[in-house]
Engineer: 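One structure is given below, represented as structure tokens, and several questions about it will come after.
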Amino acid sequence: MSDKITITLPDGSQKHYEGPVTPLTVARDIGERLAKAAVGAKVDGELADLNVAIEKDASLAILTEKTKDGKPDEGAMYLLRHSTAHVMAEAIQRVVPGAMLVYGPPLDNGFYYDIAFPEDRPLREGDFEAIEAEMAKIVKEDRPFTRYEMDYDAGLEKLKTEGSKYKLDNAHRAHEAGSLKLSFYATGEPGKNWEDLCRGPHVPSTGRIGAFKVMSLASSYWHGDENSDRLTRVYGTSFFSKKELDEHLDRLEQAKQRDHRVLGKKLGLFHIDETVGQGLVLWTPAGATIRHELQQFIGTELTRQGYHEVFTPHIGKLDLYRTSGHFPYYADSQFPPLVDREHMHKLSEEGCTCAQLSNNLKVGQIEGFMLKPMNCPHHIKIYDSQPHSYRDLPLRLAEFGTVYRWEQSGELNGMTRVRGFTQDDAHLFCTPEQVGDEVQGCLELVKIIFGALGMQDYRVRVGLRDPDSGKYTGDAANWDKAEEACRQAAKSLGVPFTEEPGEAAFYGPKIDFVVRDVIGREWQLGTVQVDYNLPERFDLTYIGPDNQPHRPVMIHRAPFGSMERFIGVLIEHFGGAFPLWLSPEQVRVLPISEKTNDYAMEIVAALKTAGLRATLDTSDGRIQAKIKNAAEMRVPYLAVVGPRDQENNAVSIRARGVQKDLGALPVGEFVQALVAERDSKGTESVRDRFAETVNV
RNA sequence: GCCGCUGUAGCUCAGUGGUAGAGCGCACCCUUGGUAAGGGUGAGGUCGUGAGUUCAAAUCUCACCAGCGGCUCCA
């Protein structure tokens, strides 16, 4: 290795040095202002401290708070958040002596630190103020983040004397990953100030942390293992400036207003009642309207694609699920079985224990029924009720089937995670040769639906089996075939997708459509799953051209996933402002005063005759107030009618999102325009008629 | 299920160990007003449920129920 070092900067220019050099030195050579603004560096694409010694030729980028185009620099934010996590950890250890640090990484919008608190002194939200006060002190002291390294053994000794088994474990892991040395970061002077075992890198000093906030508490598990130690996860966030922090908090507040649980209440779309039960959605008239429209829409598509609609009951015998493999292996995630009267009596009167009952159910000595956790077994029995020729395939059976699953109470969430939900389900029975085309057809359907609703922001996940897990059924050759079919279908979709081992269903690989909610959580919506397993278990056959029985392949698919989750996500997608065809209330007629109430009623009647969902506001308020109320309910169109309109047999129109009167239209034209917009699902728009006034 | 937080009027939220509040909404009255809140009056609450401490509990303690954030899980 030569002593001379060449540093290549992002613009391609090069600087030459006689020996090892730090990014800070290079920054100084470029300009004192850059050196001052620098918060970190990227050396050969890796984040690094400003004062790390670069010992060989490398590319170097000096990171400042913002990139050239004025956006926050991702790398700089990473360093900032990571550094703030250290400051928070120091502050927490001051507030709660004996707190043992575990792990504190940066996140997309902040950071957290997992910490084990003494049993008699858990952290509470009431501690946040004190923590933030301590953090403010540390930031004010502007102490440098100082890195130093120790040999593994010496470092281990040091950690042992400090007594945190978690940090020791971190050290072991670093060692196993190939680190010969352990690095520590002191917030200030090593040996004198607070320090932490840490890979780094960090911003130069605590003073660079412009604004921070301790956000929330959660529990977590050590190594994410629920049988391991429980830790407390403290979330925080930080920015280079107070302004950015305020903007961030403001965004969170805005997102809250879009939350489907907030909008659902405000717009009266659904209700969950604790007397009915956790996770059981009650669809109110407005929400039911949206659901009905969506079901109509998809029903039309299904007919077009050769599906047959079926209906099946909400329960099935335990034996059905023994055959499918869902009972007893998934008993924990299902509602308890329904048992006949005789056995219920035994349970209450003869002192038969629940354990005995449960055991008898398992081994099949008692028969009972189960609320269906999925629709497939029922559909399979429909398939199996007749012999099938290869000429009949594919057979596509569709149903809006309601299923029940015992989700953990802490997992329930509005409409997006519930215990009873309706899948827009279908099962396709086909020959092995047809799998590819059928999967592809299913994906097309999802694409049509997402397209019609303007949902572009989704990702596609191809769920493959985890080679290290035994939870999967079926033979490896079939799995390979099915996985390849999914991969090919996903490719043909023309959108980016990721392959994720371990995400497959227990019976086969799948393709999922995943979207994010307003607070960034991911939800799986549409899904297409290939299944070689259930046809085997139920011994399904079709007669092939060779006049011999053959095993069909099943495809499970639900483009929405479930009506509950999909509409929950849809509420947030539209922020409650649904397109006309989905709006529970499509147009509201607002008389200027009581004098035009009668005329307004005529308008409502005309709208209703055209099949539009129209309402009338005869409340005793001024037109301004009526408009405000309608706007808050996100009504797409308002028809204001006063004496002037009555004279012309017209209505004055106001559209959602437009802050003014669009002008008047003759009643007939208005009705027609609304119908056109509704039936075109928004490709035509009433607003377009006013293009000049609206500046569209 | 786990940790923390929360639970007061239909909704959003104040509140103190000593007889329960506001705004919005609702009802009624006045107002009849042309594009995002006209005025007045009134009704409405076992302060999540159950125990405990206390002369006294909505307030303090415990248990339970439910919601929220995260973790774990998700056929």
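Protein chains get the first letters and strands the later ones, always in sequence-line order, with residue 1 at the start of each.
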Engineer: Take atom CG of L107(A) and atom C1' of G70(B), then tell me their distance rounded to the nearest Å.
Structural biologist: 11 Å
Engineer: Using Watson-Crick or G-U wobble geometry with both distances below 3.5 Å, tell me the partner of A58(B), or none.
Structural biologist: none
Engineer: Rounding to the closest angstrom, what is the interatomic distance between U41(B) and A37(B) at atom P?
Structural biologist: 22 Å
Engineer: Side chain of A625(A): nearest nucleotide among G69(B), A37(B), G4(B)?
Structural biologist: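 In terms of side-chain proximity for A625(A), the closest of G69(B), A37(B), G4(B) is A37(B).
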Engineer: When the P atoms of G1(B) and U19(B) are compared, how many Å lie between them, rounded to an integer?
Structural biologist: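 Between the two P atoms, the distance is 39 Å.
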Engineer: With the side chain of R622(A) defined as its heavy atoms from C-beta on, choose the nearest nucleotide among C71(B), G38(B), U35(B).
Structural biologist: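 Nearest to the side-chain atoms of R622(A), counting from C-beta on, is G38(B).
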Engineer: Could you check whether atom CG of D108(A) has more than 12 heavy atoms from other residues, nucleotides or ligands sitting under 6.0 Å from it?
Structural biologist: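 Not buried by this count: 12 neighbours or fewer within 6.0 Å.
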Engineer: Could you state the atom-to-atom distance from CD of E274(A) to C1' of G48(B) in whole Å?
Structural biologist: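 Going from CD in E274(A) over to C1' in G48(B) covers 7 Å.
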Engineer: With no angle test and no hydrogens, is the base of G34(B) tied to the side chain of D661(A) by a donor-acceptor pair under 3.5 Å?
Structural biologist: no
Engineer: On RNA chain B, compare the nucleotides closest to E632(A) and G279(A); which residue's is nearer the 5' end?
Structural biologist: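 Its nearest nucleotide lies further toward 5', so the answer is E632(A).
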Engineer: Using a 4.0 Å heavy-atom cut-off, does G414(A) contact any base of the nucleic acid, only the sugar-phosphate backbone, or nothing at all?
Structural biologist: sugar-phosphate
Engineer: Taking any heavy-atom pair under 4.0 Å as a contact, classify K266(A): base, sugar-phosphate, or nothing.
Structural biologist: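 No contact.
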Engineer: Scan Q659(A) against the nucleic acid and name what it touches under 4.0 Å (heavy atoms): base, sugar-phosphate only, or nothing.
Structural biologist: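 Base contact.
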Engineer: Rounded to whole angstroms, how far apart are NZ on K256(A) and C1' on G69(B)?
Structural biologist: 11 Å
Engineer: Using the C1' atom on both, measure C60(B) against G18(B) and round to a whole Å.
Structural biologist: 15 Å
Engineer: In the structure shown, which nucleotide is the Watson-Crick or G-U wobble counterpart of A63(B), with both distances under 3.5 Å?
Structural biologist: U49(B)
Engineer: Identify whether any heavy atom of E503(A) sits under 4.0 Å from a base atom; if not, whether one sits that close to sugar-phosphate; answer base, sugar-phosphate or nothing.
Structural biologist: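 If one applies the 4.0 Å heavy-atom cut-off, E503(A) turns out to touch nothing in the nucleic acid.
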Engineer: Which is true for R521(A) with a 4.0 Å heavy-atom rule: it touches a base, it touches only sugar-phosphate, or it touches nothing?
Structural biologist: sugar-phosphate
Engineer: C1' atom, C3(B) versus U12(B): distance in rounded Å?
Structural biologist: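 That atom pair is separated by 28 Å.
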Engineer: Hey, do the aromatic rings of H427(A) and Y383(A) have their centres closer than 6.0 Å?
Structural biologist: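 Between H427(A) and Y383(A), the centre distance exceeds or equals 6.0 Å.
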Engineer: Taking only side-chain nitrogens and oxygens of R261(A), does any of them come within less than 4.0 Å of OP1 or OP2 of G69(B)?
Structural biologist: yes
Engineer: Rounded to the Å, how far apart are D620(A) CG and G40(B) C1'?
Structural biologist: 12 Å
Engineer: Please check: side-chain N/O of R557(A) versus main-chain N/O of D424(A), any donor-acceptor pairing under 3.5 Å?
Structural biologist: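 Answer holds: yes.
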Engineer: With a 6.0 Å cut-off on ring centres, are F327(A) and Y321(A) close enough?
Structural biologist: no
Engineer: Out of C3(B), C71(B), U32(B), which nucleotide sits closest to the side chain of S593(A)?
Structural biologist: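 Nearest to the side chain of S593(A) among the choices is U32(B).
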Engineer: Ignoring hydrogens and angles, answer whether the base of G70(B) and the side-chain atoms of S219(A) contain a donor-acceptor pair closer than 3.5 Å.
Structural biologist: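 In this structure, the two groups form a donor-acceptor pair.
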Engineer: Taking atom P of U32(B) as reference, at what distance in whole Å does atom CG of D617(A) sit?
Structural biologist: 18 Å
Engineer: Considering only NZ, NE, NH1 and NH2 on the basic side and carboxylate oxygens on the acidic side, decide whether E647(A) and R644(A) come within less than 4.0 Å.
Structural biologist: no
Engineer: Between U49(B) and G10(B), how far apart are the two P atoms, rounded to whole Å?
Structural biologist: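 Those two atoms are separated by 13 Å.
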Engineer: Between the base of A37(B) and the side chain of K628(A), is one N or O donor paired with an acceptor at under 3.5 angstrom?
Structural biologist: yes
Engineer: Looking at Y221(A) and G1(B), is any side-chain donor or acceptor paired with a base atom of the opposite kind under 3.5 Å?
Structural biologist: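 Yes, a donor-acceptor pair under 3.5 Å.
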Engineer: Assign R654(A) to base, sugar-phosphate, or nothing according to its heavy-atom contacts below 4.0 angstrom with the strands shown.
Structural biologist: base
Engineer: Under a 3.5 Å limit for both distances, which nucleotide forms a Watson-Crick or G-U wobble pair with A27(B), could you say?
Structural biologist: U41(B)
Engineer: Find the partner of G4(B): check Watson-Crick (N1-N3 plus N6-O4 or O6-N4) and G-U wobble (N1-O2, O6-N3) distances, both under 3.5 Å, and reply none if neither fits.
Structural biologist: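 G4(B) is paired, partner C68(B).
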Engineer: At what distance, to the nearest 0.5 angstrom, does OG1 of T84(A) lie from CZ of F111(A)?
Structural biologist: 5.0 Å
Engineer: With a non-hydrogen cut-off below 4.0 angstrom, is E594(A) in contact with a base, only sugar-phosphate, or nothing?
Structural biologist: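 Base contact - E594(A) has a heavy atom under 4.0 Å of at least one base atom.
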Engineer: For L412(A), report the nucleic acid contact type (base, sugar-phosphate, nothing); a contact means any heavy atom under 4.0 Å.
Structural biologist: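 Since only primed, P, OP1 and OP2 atoms lie under 4.0 Å of L412(A), the category is sugar-phosphate.
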Engineer: Between the base of G34(B) and the side chain of S652(A), is one N or O donor paired with an acceptor at under 3.5 angstrom?
Structural biologist: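 By the distance-only test, yes, there is a pair.
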Engineer: Looking at W406(A), I'd like to know if the NZ or CZ of R419(A) sits under 6.0 Å from its six-membered ring centre while staying within 45 degrees of the ring's axis.
Structural biologist: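 Yes.
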Engineer: For a quick check of understanding: with a heavy-atom distance under 4.0 Å over all strands, which category does G224(A) fall into, base, sugar-phosphate or nothing?
Structural biologist: sugar-phosphate
Engineer: Could you give the distance separating G25(B) and U16(B) at their P atoms, to the nearest angstrom?
Structural biologist: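 My reading of the P atoms in U16(B) and G25(B) gives 28 Å.
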Engineer: Indicate, with a heavy-atom threshold strictly under 4.0 Å, whether A505(A) touches base, sugar-phosphate, or nothing.
Structural biologist: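 Sugar-phosphate, backbone atoms only, no base.
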Engineer: Nearest to the side chain of P122(A), which nucleotide is it out of U12(B), G4(B), G38(B)?
Structural biologist: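 Of all the options, the side chain of P122(A) is nearest to G4(B).
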Engineer: How far, in whole Å, is G7(B) from U59(B) if one measures between their P atoms?
Structural biologist: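 Approximately 12 Å lies between the P atom of U59(B) and that of G7(B).
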Engineer: Determine the sole option in L607(A), L590(A), L638(A), I603(A) for which the side-chain contact (heavy atoms from CB on, under 4.5 Å) test with V651(A) is passed.
Structural biologist: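 Testing V651(A) for a side-chain contact (heavy atoms from CB on, under 4.5 Å) against L607(A), L590(A), L638(A), I603(A) leaves exactly one candidate, I603(A).
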Engineer: Is it the case that atom CD in E129(A) sees more than 12 heavy atoms from other parts of the structure closer than 6.0 Å?
Structural biologist: no
Engineer: Hey, does R417(A) reach any base, or is it just sugar-phosphate, or nothing, if we go heavy atoms under 4.0 Å?
Structural biologist: base
Engineer: Taking the C1' atom in each of A27(B) and G44(B), what is the distance between them to the nearest angstrom?
Structural biologist: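 The same atom, C1', in both gives a distance of 10 Å.
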Engineer: Among the candidates C71(B), C5(B), A36(B), find the nucleotide nearest to the side-chain atoms of Q624(A).
Structural biologist: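 Closest nucleotide among those given: A36(B).
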Engineer: Could you give the CD1-to-P distance, from I623(A) to G38(B), as a whole number of Å?
Structural biologist: 11 Å
Engineer: How about T615(A) and V604(A): do any of their side-chain heavy atoms sit closer than 4.5 Å?
Structural biologist: no
Engineer: Can you identify which nucleotide, out of C71(B), G34(B), A36(B), has its nearest atom closest to the A631(A) side chain?
Structural biologist: A36(B)
Engineer: Between C68(B) atom C1' and H260(A) atom NE2, what is the distance in whole Å?
Structural biologist: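 Rounded to whole Å, this separation is 12 Å.
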Engineer: G69(B) phosphate, OP1 or OP2: any side-chain N/O from N413(A) under 4.0 angstrom?
Structural biologist: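 Result: yes.
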Engineer: Using heavy-atom distances to pick each residue's nearest nucleotide on RNA chain B, tell me which of I592(A) and D225(A) is more 5'.
Structural biologist: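 With D225(A) and I592(A) compared, the 5'-side residue is I592(A).
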Engineer: C3(B) C1' sits how many Å from Y112(A) OH, rounded?
Structural biologist: 15 Å
Engineer: Write down the partner of C13(B) under the Watson-Crick or G-U wobble criteria, each distance required to be under 3.5 Å.
Structural biologist: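 The base-pairing partner of C13(B), which may sit in any strand shown, is G21(B).
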